[in-house]
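Quick notes on the structure that follows.
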2 protein chains.
Amino acid sequence: MKMSGGVEWALHCAFALTAADHPVSAARLAEMHDVSASYLAKQLQAMSRAGLVRSTQGNLGGYELTRPPSRITVLDVVEAVDGPTPAFLCTDVRARGPLAASPEACRTPCAIHRAMTAADEAWRASLRSVTIADLAAQVTGEHGRGVLDGVRNWFNAAP
Amino acid sequence: MKMSGGVEWALHCAFALTAADHPVSAARLAEMHDVSASYLAKQLQAMSRAGLVRSTQGNLGGYELTRPPSRITVLDVVEAVDGPTPAFLCTDVRARGPLAASPEACRTPCAIHRAMTAADEAWRASLRSVTIADLAAQVTGEHGRGVLDGVRNWFNAAP
DNA sequence: GAGACCATACTCGGATAGGTCGTGTCCGAGTGGGGGGGG
DNA sequence: CCCCCCCCACTCGGACACGACCTATCCGAGTATGGTCTC
């Protein structure tokens, strides 16, 4: 079980866009984080498809958040990039083989399926309880406001 | 993010072994669940390596639980088969690029890393709170004791 | 001087190869049981 | 009749291909900007 590495990039971009006051291109975000621009574009497209960021084309175009960061949860970003499908897929093993359970007994999810689903929901709830604004608040609380100001200034500086 | 499909098989096997009173071969478990015997063997070997089951070779050999099912959690099985590595791997993006954070500022995990770790821990805690005995109790509570008895009888029956 | 037009350079978006890990399979090493022989 | 020995069939364990998904990349479609020409 391995999560897509692009999730980390997407979260960092969401955090950085918190400090931006105008659209930022994918190339600039990639340069800032020193990652592959082409691949980062893929993650940003996924976020755009999910409605987390708005993309504007043309010169001075780029990505910007569509909602205030306090209304974007970490789970939103994770599901946008990594997909909303739960990690565990029940294949209804109990309905197969010589000791297969009767079809009507399989109306309710099996105990294993329930346990995995509950864990998945706990994971999602934890990610849902943290917003991008919370991340920004934690960073400023630990390292000062200069971090976000530095990002904003770097965005405003000419390439 | 997709979990190994073998986890489901391993959990069903752990549940089935609850009803066994003597070692059960991998081939028999595979026949019972109608899955690939060769591949199921791989999962059972992983559980053996993790110390969840004991394997005995030779005739009438097979696998049996090493501990009472009340002391085997679902998390134990998941980690044995799928690996104990957390799904999220922090690559310390903040320490790269033109706005890289100072090395001493990176002594503590970044906010993103903490959020993902907390979610992972919540997931693990949920899986840790359910034991194989709990699963068996749920099944007997819903479908009667006949299920486990049927499994035991099928194990005792000649191939 | 003001307005409209156009060329341009920049942006995103999806379609396209390569690498890595999960999936599935196979065969060899090891071992306990059962039958046969001997006492 | 009981004990010992040997053969065997059955077991696990690790090593070996195949395939799917993630990773990484490229080129084409579209658009706002800035300059230029005309009125």
Side-chain angles (χ1 to χ4, degrees), chain A residues 1-10 13 17 20 22-31 33-64 66 78 80-83 85 87-89 91 93 155 158-159, chain B residues 1-10 13 17 20 22-31 33-64 66 78 80-83 85 87-89 91 93 155 158-159:
Chain A
M1 174 149 86
K2 187 174 164 294
M3 176 177 298
S4 167
V7 171
E8 186 185 8
W9 299 6
C13 287
L17 287 176
H22 60 80
V24 182
S25 73
R28 198 135 181 79
L29 285 168
E31 181 191 359
H33 295 109
D34 188 24
V35 297
S36 161
S38 306
Y39 189 38
L40 180 62
K42 203 176 191 53
Q43 324 303 337
L44 290 168
Q45 285 166 27
M47 291 174 74
S48 175
R49 248 175 270 141
L52 299 180
V53 297
R54 164 193 300 279
S55 68
T56 58
Q57 280 190 339
N59 201 357
L60 298 184
Y63 293 97
E64 56 191 341
T66 57
V78 171
V81 174
D82 205 57
T85 309
F88 180 81
L89 268 73
T91 58
V93 169
F155 282 158
Chain B
M1 174 149 86
K2 186 172 164 294
M3 176 178 298
S4 167
V7 170
E8 186 184 9
W9 299 5
C13 286
L17 287 176
H22 59 80
V24 182
S25 73
R28 199 135 181 80
L29 286 167
E31 182 191 0
H33 296 109
D34 189 24
V35 296
S36 162
S38 306
Y39 189 36
L40 181 61
K42 204 176 190 51
Q43 323 303 338
L44 291 168
Q45 285 166 28
M47 291 174 74
S48 175
R49 250 174 269 141
L52 299 179
V53 297
R54 163 193 302 276
S55 68
T56 58
Q57 281 191 339
N59 201 358
L60 297 185
Y63 293 97
E64 57 191 340
T66 57
V78 171
V81 174
D82 206 58
T85 308
F88 180 82
L89 267 73
T91 59
V93 170
F155 281 158

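This is a predicted model, so every value here is computed, not measured. Labels below follow one simple rule: chain letters A, B, ... track the order of the sequence lines, proteins then strands, and each chain is numbered from 1. FYI, side chains are in, hydrogens and waters are out, and symmetry mates aren't considered; it's all heavy atoms of this structure.
Rounding to whole angstrom units, CZ of residue B/Arg28 and P of D/dT11 are separated by 10 Å. In this structure, the CG atom of A/Leu40 is 13 Å from the P atom of D/dT23, given to the nearest Å. With rounding to whole Å, B/Leu89 atom CG is found 11 Å from C/dC21 atom P. The CE-P distance, from B/Met3 to D/dC21, rounds to 17 Å in whole Å. Here D/dT11 presents its P atom at 12 Å from NE2 of B/His22, a figure rounded to the nearest Å. Separating the CE atom of A/Met1 from the P atom of C/dT23 is a distance of 12 Å, rounded to the nearest angstrom.
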Solution key, residues 46-54 of chain A side-chain donor-acceptor pairs under 3.5 Å, sequence neighbours excluded:
none

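The partner of C/dG39 is D/dC1, by the rule that a Watson-Crick or G-U pair needs both atom distances under 3.5 Å.
In terms of the side chain to side chain donor-acceptor pair (under 3.5 Å) criterion, residue partners of B/Thr91 (sequence neighbours excluded) are, by chain and number, A/Glu8.
Annotation: the span from A/Glu64 atom CD to A/Thr66 atom OG1 amounts to 9.0 Å, rounded to 0.5 Å. Atom OH in A/Tyr39 sits 12.0 Å away from atom CG in A/Leu44 (nearest 0.5 Å).
Within the structure, a side-chain polar atom (N or O) of B/Tyr39 is placed less than 4.0 Å from OP1 or OP2 of C/dT23.
Between A/Cys13 and A/Leu40, the closest side-chain pair of non-hydrogen atoms falls below 4.5 Å.
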- request: Report the C-alpha distance between A/Val93 and B/Trp9 in whole Å, list the side-chain angles of each, state the deciding distance to 0.1 Å, and finish with yes or no for side-chain contact (heavy atoms from CB on, under 4.5 Å).
  value: CA-CA 8 Å; A/Val93 169; B/Trp9 299 5; 4.0 Å; yes
field: Contact pattern, 5' to 3', of nucleotides 5-15 of chain C - B, S or - by protein heavy atom under 4.0 Å
entry: -----SSBBBB
